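Keep in mind that this is a model prediction, so the values were computed, not measured. Atom set for the values below is all heavy atoms of this structure, side chains included, hydrogens, waters and symmetry mates excluded.
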Amino acid sequence: MSIELWTLLGAMFLGLVHLSAASFAFKAQVGNAYTVGARDANLQPAGVAARLDRAQRNFLETFPIFVAAVLTLEVLNGSGGWLSVSGCLIYLVCRCLYLPLYALGLPWVRTFSWNAATAGLALVMAAIALEALGGA
């Protein structure tokens, strides 16, 4: 299995971590009776629970692009070389850092982590373009 596919698997696990962190933080905030019920009151998360919820939604904005990029690489060749490997690793590491940085409420560092992850995603997409043009 390529490094790119391993990072995709890692990002899938990270997605579960995001989902679990947001869910458990909200449950701790509003109580078990609300979270297992019909949720008719439409309570909204606040504080850390809200930050974890926003971090999860933010992850879900880039994750489908990452999935498409990695699978496109696999269809084309299986690996785009150092460019795609670097991009995938940067994406995964920075997305892993993003969750605790957002939970802690560190705005500038969190933003840098997001920017770096997005740059990693751009590297993967550049590797796809190069591979498609026959240059990678």
Could you tabulate the donor-acceptor pairs under 3.5 Å formed by side-chain atoms of residues 81-90, not counting sequence neighbours?
from  : atom 1 : to    : atom 2 : distance (Å)
Ser84 : OG     : Glu4  : OE2    : 2.4
Ser84 : OG     : Gly80 : N      : 2.9
Ser84 : OG     : Gly81 : O      : 3.2
Ser86 : OG     : Trp82 : O      : 2.8

Do Tyr91 and Thr118 have side-chain atoms, one donor and one acceptor, less than 3.5 Å apart?
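Their side chains do not contain a donor-acceptor pair, so the 3.5 Å distance test is not met.
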Under 3.5 Å, is there a donor-acceptor pair between the Arg110 and Asn58 side chains?
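No - no donor-acceptor pair under 3.5 Å links their side chains.
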Would you mind listing every side chain to side chain donor-acceptor pair (under 3.5 Å) that reaches into residues 7-17, with sequence neighbours excluded?
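Listed once each, the pairs would be none.
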In this structure, would [X] and [Y] fall into the same cluster of hydrophobic residues linked by side-chain contacts under 4.5 Å?
X	Y	result
Val109	Leu99	no
Leu60	Phe24	no
Leu97	Leu104	yes
Leu106	Leu52	no
Leu5	Ile65	yes

For [X] and [Y], which heavy atoms make the closest approach, and how far apart are they?
X	Y	value
Ala11	Phe66	CB-CE2, 3.9 Å
Ala116	Cys94	CB-SG, 3.4 Å
Ala69	Met125	CB-CG, 4.5 Å
Gln29	Gln44	OE1-O, 3.7 Å

Sequence neighbours excluded, every pair satisfying salt bridge (charged side-chain N to carboxylate O under 4.0 Å, His left out) that has a member inside residues 8-19
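Salt bridge (charged side-chain N to carboxylate O under 4.0 Å, His left out) check on residues 8-19 returns no pairs.
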Any chance you could pull the hydrophobic cluster mates of Trp114, using side-chain heavy atoms under 4.5 angstrom and chaining through other members?
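Tyr98, Tyr102, which link up through side-chain heavy atoms under 4.5 Å apart, make up the rest of the cluster.
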Which other residues belong to the hydrophobic cluster containing Trp108, where Ile, Leu, Val, Met, Phe, Trp and Tyr are joined when side-chain heavy atoms lie under 4.5 Å apart, directly or via other members?
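So far as hydrophobic clustering goes, Trp108 is joined with none.
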Mind checking whether Gln56 and Asp53 have side chains closer than 4.5 Å, heavy atoms only?
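The answer is yes; the side chains approach within 4.5 Å.
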Sub-4.5 Å side-chain heavy-atom contact between Phe63 and Leu8:
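The answer is yes, as the side chains (C-beta and beyond) meet within the 4.5 Å cut-off.
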Calculate, to the nearest 0.5 Å, the distance between atoms CG and CG belonging to Leu92 and Leu9 respectively.
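Going from the CG atom of Leu92 to the CG atom of Leu9 covers 9.5 Å.
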Euclidean distance, Arg51 CZ relative to Leu101 CG, rounded to 0.5 Å:
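One gets 11.5 Å once the value is rounded to the nearest 0.5 Å.
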Taking distance alone, no hydrogens or angles, what donor-acceptor pairs closer than 3.5 Å link side-chain atoms of residues 12-23 to residues at least two apart or in another chain?
from  : atom 1 : to    : atom 2 : distance (Å)
Ser20 : OG     : Leu16 : O      : 2.9

